[in-house]
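The next block holds one structure in the form of structure tokens; read it before the comments.
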Amino acid sequence: MGKSKVLVVGGTGYIGRRIVKASLAEGHETYVLQRPEIGLDIDKLQILLSFKKQGAHLIEGSFNDHKSLVDAVKQVDVVICTMSGVHFRSHNILLQLKLVEAIKEAGNVKRFLPSEFGMDPARMGHALEPGRVTFDEKMVVRKAIEEANIPFTYVIANCFAGYFVGNLSQLGRLTPPKDKVYLYGDGNVKVAFTDEEDVATYTIKAIDDPTTLNKTLYIRPPHNILTQSELIQKWETLTGNKLDKISISADDFLASMKGFDLAGQVGVGHFYHIFYEGCLTNFEIGEGSEEASKLYPQVEYTRMDDYMKIYV
């Protein structure tokens, strides 16, 4: 069997453009959905044209035009959706239901990877408001996929390094603090961090792998399972600069939610589950699931020590 033809929906986005790059690098015939809704967004258009230069095919299709989605899907074997589900960008999770309908009608897709790439929504039924909407909506999409008998792989990528490592996991900033750092509790809860390029590589490795069919793929490389304290220590070792550490109790952290807008409140809730509850690592990867770094040991994943060096 040859390599699958891949359609990426949301290819101009944060993780989507990396998946397009990884798909091309692995030799897949790669298609990217070009949506008329981009309007005058010149940055998105130029990203799409750069994909075209690299050998990708652009397919026009709109979520407002069911036939165009069906026609796009019929040209490929695998569909990967990377539409945003974070409130500070755009929150479009349920738009995927239109894509599910198109895949169901087309009837040819041998694997669908919906927009997941964060925490496992199946484990977040207890999540706090208002942030639980992310998980609830992802579960609605999963239910639709499974009821339609569409073959799937759910990719759980945990904490993207760009949002959680360079800033030492501080809310409201993307760069390292210079003098003081806020610790969540004692800072000793294990968290799984992932390089976004590695997420894309593992995702593309999985699409033709029968081992991951109708399973959840967790990206939890062992060297990147770290506590916040260990992350800070790595940064201090790298820079030679000691930071003042200010511990925030769980109650105080949750109380801070009142001072934020909706996107900030969602962020506080998600941070609480990650850094106080340990929702990324407080379970064993069991039946119906696989771990990416074990499945694909040939991938030399980026360790967070190396990832941090660009911030020095």
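For reference, positions follow the sequence shown, starting with 1.
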So Lys138 and Met119, do their side chains get closer than 4.5 Å, heavy atoms only?
no
Do other residues, nucleotides or ligands put more than 12 heavy atoms under 6.0 Å from the CD atom of Glu277?
yes
Between Thr281 and Ala192, what is the shortest heavy-atom contact and its length?
CG2-N, 4.0 Å
Rounded to the nearest 0.5 Å, how far apart are CZ of Phe152 and CG of Leu113?
10.0 Å
Are Phe160 and Tyr14 close enough, and set up right, to give a ring pair (Phe, Tyr, Trp, His ring centres under 6.0 Å), and what steps lead you there?
CA-CA 10 Å; Phe160 289 156; Tyr14 184 67; 5.8 Å; yes
Keeping the roles fixed (side chain from Asn167, backbone from Pro176), state whether a donor-acceptor pair exists under 3.5 Å.
no
NZ/NE/NH1/NH2 to OD/OE distance under 4.0 Å, Glu196 and Arg18:
no
Check whether any side-chain heavy atom of Leu97 sits under 4.5 Å from a side-chain heavy atom of Val140, and report yes or no.
yes
Name the one of Val199, Val155, Val20, Val8 that satisfies side chain to side chain contact (heavy atoms under 4.5 Å, CB included) with Ile15?
Val199
Starting from Leu94, can I reach Met83 by hopping between I/L/V/M/F/W/Y residues whose side chains sit under 4.5 Å apart?
yes
Salt bridge check, Lys110 against Asp208: does any charged N sit closer than 4.0 Å to a carboxylate O?
yes
Before giving the answer on ring pair (Phe, Tyr, Trp, His ring centres under 6.0 Å), spell out for Tyr296 and Tyr301 the whole-Å C-alpha distance, their side-chain angles and the decisive distance to 0.1 Å.
CA-CA 10 Å; Tyr296 312 114; Tyr301 65 85; over 10 Å; no
As a quick check of understanding, evaluate side chain to side chain contact (heavy atoms under 4.5 Å, CB included) for Ile207 and Ile80, giving each step before the final call.
CA-CA 9 Å; Ile207 62 175; Ile80 304 173; 4.1 Å; yes
Keeping Glu137 on the side-chain end and Thr134 on the backbone end, is there a donor-acceptor pair under 3.5 Å?
no
When rounded to the nearest 0.5 angstrom, what is the spacing between CG in Leu171 and NE2 in His270?
11.5 Å
Of all heavy-atom pairs between Pro222 and Ser293, which one has the smallest distance, and what is that distance?
CD-OG, 3.4 Å
Can a donor-acceptor pair be found, under 3.5 Å and without considering hydrogens, that links the side chain of Gln96 to the backbone of Ser115?
yes
I'd like to check the ring pair (Phe, Tyr, Trp, His ring centres under 6.0 Å) partners of Phe253; sequence neighbours left out, ordered by chain and number.
Tyr184, Tyr276
Taking side chain as C-beta onward, heavy atoms only, is Thr302 less than 4.5 Å from Glu197?
no
More than 12 non-hydrogen atoms from neighbouring residues, nucleotides or ligands closer than 6.0 Å to CD1 on Ile246, yes or no?
yes
Sequence neighbours excluded, every pair satisfying salt bridge (Lys or Arg N to Asp or Glu O under 4.0 Å) that has a member inside residues 285-296:
Lys215-Glu290
Applying salt bridge (Lys or Arg N to Asp or Glu O under 4.0 Å), which residue pairs with at least one partner in residues 27-37 are found, sequence neighbours left out?
Arg35-Glu37
Taking only residues at least two apart or on different chains, which pairs with a member in residues 183-193 satisfy salt bridge (Lys or Arg N to Asp or Glu O under 4.0 Å)?
Lys190-Glu230
Answer yes or no: is there a side-chain heavy-atom contact under 4.5 Å between Leu295 and Asp209?
yes
Under 3.5 Å, is there a donor-acceptor pair linking the side chains of Thr30 and Ser23?
yes
Thr194 side, atom OG1; Ile156 side, atom CD1 - distance, nearest 0.5 Å
11.0 Å
Output, in order, the C-alpha distance, side-chain angles, deciding distance and verdict of salt bridge (charged side-chain N to carboxylate O under 4.0 Å, His left out) for Glu236 and Lys245.
CA-CA 12 Å; Glu236 289 178 334; Lys245 297 162 191 72; 2.7 Å; yes
Just jot down the side-chain hydrogen bond (donor to acceptor under 3.5 Å, both in side chains) partners of Glu146, sequence neighbours excluded, or say none.
Tyr154
Could you tell me the separation between the CD1 atom of Ile59 and the NE2 atom of His57, rounded to the nearest 0.5 Å?
8.5 Å
Side chain to side chain contact (heavy atoms under 4.5 Å, CB included) between Glu26 and Lys205: does it pass, once the steps are laid out?
CA-CA 8 Å; Glu26 286 285 323; Lys205 291 280 185 197; 3.3 Å; yes
Check whether Tyr163 and Met304 end up in the same hydrophobic cluster, where Ile, Leu, Val, Met, Phe, Trp and Tyr are linked by side-chain heavy atoms less than 4.5 Å apart.
yes
Salt bridge Asp120-Arg220, side-chain N to carboxylate O under 4.0 Å
no
State yes or no: do Val189 and Leu280 share one hydrophobic cluster built from I, L, V, M, F, W and Y residues joined by side-chain heavy-atom distances below 4.5 Å, directly or via other members?
no
For the residue pair Phe164 and Tyr307, is the inter-centroid distance of their aromatic rings smaller than 6.0 Å?
no
Does the side chain of Lys309 come within less than 4.5 Å of Leu238's, by heavy atoms?
yes
Using the six-membered ring wherever Trp is involved, compare the ring planes of Trp235 and Tyr311 and label them parallel, tilted or perpendicular (cut-offs 30° and 60°).
perpendicular
Find the distance between CZ (Phe112) and CG (Leu7) and round it off to the nearest 0.5 Å.
9.5 Å
Contact check, side chains of Ile274 and Cys159, non-hydrogen atoms, under 4.5 Å
yes
By the definition side-chain hydrogen bond (donor to acceptor under 3.5 Å, both in side chains), identify the one residue from Lys98, Glu101, Glu105 that meets it with His66.
Glu105
Give a yes or no on whether Tyr182 and Leu254 share a hydrophobic cluster (residues Ile, Leu, Val, Met, Phe, Trp, Tyr; joining criterion: side-chain heavy atoms under 4.5 Å apart).
yes
Can any side-chain N or O of Asn108 pair as donor or acceptor with the backbone N or O of Val76 at less than 3.5 Å?
yes
Is it true that a side-chain atom of Thr212 and a backbone atom of Thr153 form a donor plus acceptor pair closer than 3.5 Å?
no
Taking the side chain as every heavy atom from C-beta outward, state whether Val100 and Ile150 have any atom pair closer than 4.5 Å.
yes
Look only at the side chain of Ser289 and the backbone of Ile285, and say whether a donor-acceptor pair between them is shorter than 3.5 Å.
no
Gap separating the CD1 atom of Ile310 from the CE atom of Met308, nearest 0.5 angstrom
13.0 Å
Residues pairing under salt bridge (Lys or Arg N to Asp or Glu O under 4.0 Å) where one sits in residues 46-69, two or more places apart or in two chains, turn out to be Lys67-Asp71
Between Lys234 and Asp305, does any NZ, NE, NH1 or NH2 come within less than 4.0 Å of an OD or OE carboxylate oxygen?
yes
Find out whether Leu213 and Arg111 are in side-chain contact, i.e. whether some heavy atom of one side chain is under 4.5 Å from a heavy atom of the other.
yes
His223 side chain to Arg303 main-chain N or O, any donor-acceptor pair under 3.5 Å?
no
Take Tyr31 and Val6, measure what side chain to side chain contact (heavy atoms under 4.5 Å, CB included) needs, and give me the verdict at the end.
CA-CA 6 Å; Tyr31 296 76; Val6 178; over 6 Å; no
According to a 4.5 Å side-chain heavy-atom criterion applied to Ile, Leu, Val, Met, Phe, Trp and Tyr, with indirect links allowed, do Val32 and Val78 form part of one hydrophobic cluster?
yes
Show the numbers, then the answer: is there a side chain to side chain contact (heavy atoms under 4.5 Å, CB included) between Val79 and Leu99?
CA-CA 9 Å; Val79 178; Leu99 190 55; 4.1 Å; yes
